[in-house]
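Comments concern the structure below.
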Amino acid sequence: MDIYQHFRKEEHAFIDQVLSWKDDVNRSYRNKLTDFLDPRQQFIVDSLTGKNDDVKVWQFGGGRHSERQRALITPFYEQVQQEDFGLCLLQASYQEKFSTLTHRDVLGTFISLGLKRDKLGDIQVSNGLIQMIVADEIAKFVVLQMTTVKRMKISMEEKPLSAYREQPSVWNEMGRTVSSLRLDTVLKEIYHVSRKEASDYIKKQAVKVNFKLVEDVKFQVCEQDIISVRSKGRSKLVKIEGKTKKDKFKVVVATLK
């Protein structure tokens with residue numbers, strides 16, 4: 001069976017990478033730790049290795065509900081500990097009365113340091129506190145270099161993961177029937193807009209899938225894709241449950257409360 005037929009063409013390079021990781025673990029009996037993966041990438045890793053008797057896949061991002069997680073691929077007999085995921089919690093406080101900081105502000109500052117997004121997990125910004133889960137190999141660099149966010153001075157410091165104040169995302173799931181898995185069709189059902197409005201959002205560069213801008217209305221949405229529409233919030237395609245007698249797709253979608 002051709003495994004590639006179940007995935008998008010642009011995901012084939014990542015599939016090759018996952019298969020290479022799995023082969024390396026099988027051959028060397030050494031663990032493979034990935035960078036942070038988004039939910040769709042996590043789904044792909046599970047799909048390619050989850051039923052393999054020779055390796056096991058463990059995923060963790062610092063909290064019980066982490067959206068971005070590192071995967072650890074190990075020989076089937078291996079048992080892992082939290083510290084094996086190479087995570088570090090960085091924290092800084094700020095004065096809310098002087099400025100309002102957002103997730104986007106913190107992420108933008110991180111990227112401006114020349115670091116890859118793949119080295120950063122979830123970000124929490126609330127009640128005068130910034131918390132970031134990062135790969136431990138960059139933690140000291142971030143502490144030294146990330147001294148301002150939105151022109152506000154901050155002082156990052158390392159904290160134990162037990163100090164992580166996770167704010168779990170609450171998703172409202174619902175069943176839907178869609179005529180196709182085209183992005184404009186899925187947006188129409190999730191956000192209760194017309195097909196034209198959905199197309200306009202896409203063409204006006206207001207739609208991202210898995211945090212990447214998508215401008216093609218015919219883009220095919222897959223399971224575990226995270227969708228965001230500017231000013232309308234985030235959603236995801238949780239599951240494709242098959243087809244109806246009229247050849248429509250039965251899906252489970254979710255919106256972020």
Side-chain angles (χ1 to χ4, degrees), residues 14 33-46 57-72 80-94 96 100-143 145-146 149-150 152 154-173 208-213 223-230 233-238 254-257:
F14 181 69
L33 178 63
T34 74
D35 286 333
F36 287 95
L37 308 177
D38 64 39
R40 174 63 183 173
Q41 291 172 319
Q42 294 166 33
F43 173 79
I44 292 173
V45 171
D46 278 338
V57 178
W58 316 73
Q59 303 198 49
F60 184 55
R64 293 180 58 191
H65 307 281
S66 298
E67 184 173 87
R68 294 177 61 80
Q69 302 185 26
R70 299 185 87 170
L72 186 60
V80 305
Q81 304 296 324
Q82 199 175 83
E83 53 266 27
D84 295 327
F85 288 90
L87 304 178
C88 183
L89 171 63
L90 300 183
Q91 178 176 300
S93 59
Y94 66 95
E96 285 188 291
T100 300
L101 297 183
T102 67
H103 180 285
R104 180 179 295 183
D105 296 326
V106 177
L107 175 58
T109 302
F110 179 89
I111 297 298
S112 72
L113 299 178
L115 296 168
K116 293 182 178 179
R117 179 68 173 91
D118 296 344
K119 296 296 182 182
L120 174 63
D122 287 1
I123 300 171
Q124 304 284 349
V125 184
S126 65
N127 301 318
L129 195 68
I130 300 169
Q131 289 192 319
M132 308 164 54
I133 303 292
V134 304
D136 60 5
E137 61 264 29
I138 66 163
K140 294 188 184 306
F141 177 84
V142 176
V143 168
Q145 299 297 323
M146 194 167 178
V149 177
K150 200 178 177 180
M152 178 177 291
I154 62 168
S155 179
M156 281 286 181
E157 57 181 337
E158 296 185 28
K159 293 287 187 178
L161 284 180
S162 58
Y164 188 38
R165 300 182 186 179
E166 186 177 24
Q167 297 175 331
S169 300
V170 180
W171 295 90
N172 181 33
E173 292 191 2
K208 291 183 178 181
V209 178
N210 298 327
F211 314 102
K212 297 177 182 178
L213 186 68
E223 286 185 339
Q224 294 302 311
D225 276 345
I226 298 290
I227 303 168
S228 59
V229 180
R230 190 184 308 140
R234 295 171 65 189
S235 61
K236 64 180 174 181
L237 178 60
V238 180
T255 54
L256 191 61
K257 291 183 178 181

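Hydrogens, waters and symmetry mates are skipped; everything else that's a heavy atom, side chains included, is used.
The side-chain heavy atoms of Arg68 and Asp38, taken from C-beta on, include a pair separated by under 4.5 Å. When side chains are defined from C-beta on, Phe211 does not count as touching Leu107, because their heavy atoms never get closer than 4.5 Å. Using a 4.5 Å heavy-atom threshold, the side chains of Asp84 and Leu33 count as separate. The closest side-chain heavy-atom distance from Leu87 to Phe36 is below 4.5 Å. Side chains of Met132 and Leu89 form no contact here, defined as non-hydrogen atoms less than 4.5 Å apart. Put simply, the side chain of Val125 reaches to within 4.5 Å of the side chain of Tyr94, judged on heavy atoms. Taking 4.5 Å as the limit, some side-chain heavy atom of Asp46 sits within range of a side-chain heavy atom of Gln59. The shortest distance between side-chain heavy atoms of Phe110 and Leu90 does not fall below 4.5 Å.
Atom CD1 of Ile130 and atom CD1 of Ile123 lie 9.0 Å apart (nearest 0.5 Å). Once rounded to the nearest 0.5 Å, the distance linking OG of Ser228 with CG of Leu213 reads 9.0 Å. Separating the CG atom in Asp122 from the NE2 atom in His65 is a distance of 11.5 Å, to the nearest 0.5 Å. Distance check: Ile154 CD1 to Leu129 CG gives 10.5 Å after rounding to the nearest 0.5 Å. Distance check: Thr100 OG1 to Met152 CE gives 8.0 Å after rounding to the nearest 0.5 Å. Between the CZ atom of Arg165 and the CG atom of Asn127 there is a distance of 8.0 Å, given to the nearest 0.5 Å.
Within the 3.5 Å criterion, the main-chain N or O of Gly62 finds no donor-acceptor partner in the side chain of Glu166. Proximity of a side-chain donor or acceptor of Arg234 to a complementary backbone N or O of Leu256 within less than 3.5 Å is not detected. Between the side chain of Thr34 and the main chain of Ala71, a donor-acceptor pair closer than 3.5 Å is present. Here the side chain of Gln224 pairs no donor or acceptor atom with the backbone of Gln42 at under 3.5 angstrom. Without hydrogens or angle criteria, Arg117 side chain to Leu120 main chain gives a donor-acceptor distance under 3.5 Å.
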Checking side-chain contact (heavy atoms from CB on, under 4.5 Å) for the pair Phe14/Leu37: CA distance, chi angles, key distance, verdict? CA-CA 11 Å; Phe14 181 69; Leu37 308 177; 4.1 Å; yes
Given Asp35 and Lys116, is the side-chain contact (heavy atoms from CB on, under 4.5 Å) satisfied, shown in steps? CA-CA 10 Å; Asp35 286 333; Lys116 293 182 178 179; 5.7 Å; no
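Between Gln69 and Gly61 the shortest heavy-atom distance is CG-N, 3.7 Å. Heavy atoms only, all atoms of each residue included: Leu113 and Met146 are closest at CD1-CB, 4.0 Å. Heavy atoms only, all atoms of each residue included: Ala92 and Met156 are closest at CB-SD, 3.9 Å.
With Arg40 as the partner, the side-chain contact (heavy atoms from CB on, under 4.5 Å) test is satisfied by one option alone out of Val209, Ile226, Asp225: Asp225. Partner of Gln91 under the side chain to side chain donor-acceptor pair (under 3.5 Å) criterion, chosen from Gln124, Lys159, Gln131: Gln131.
More than 12 heavy atoms of other residues, nucleotides or ligands shown are found within 6.0 angstrom of NZ on Lys150.
Inspection of the Ser126 and Gln167 side chains reveals an N or O donor paired with an N or O acceptor under 3.5 Å.
For the pair Lys236 and Glu67, the salt-bridge criterion is not met [side-chain N within less than 4.0 Å of a carboxylate O].
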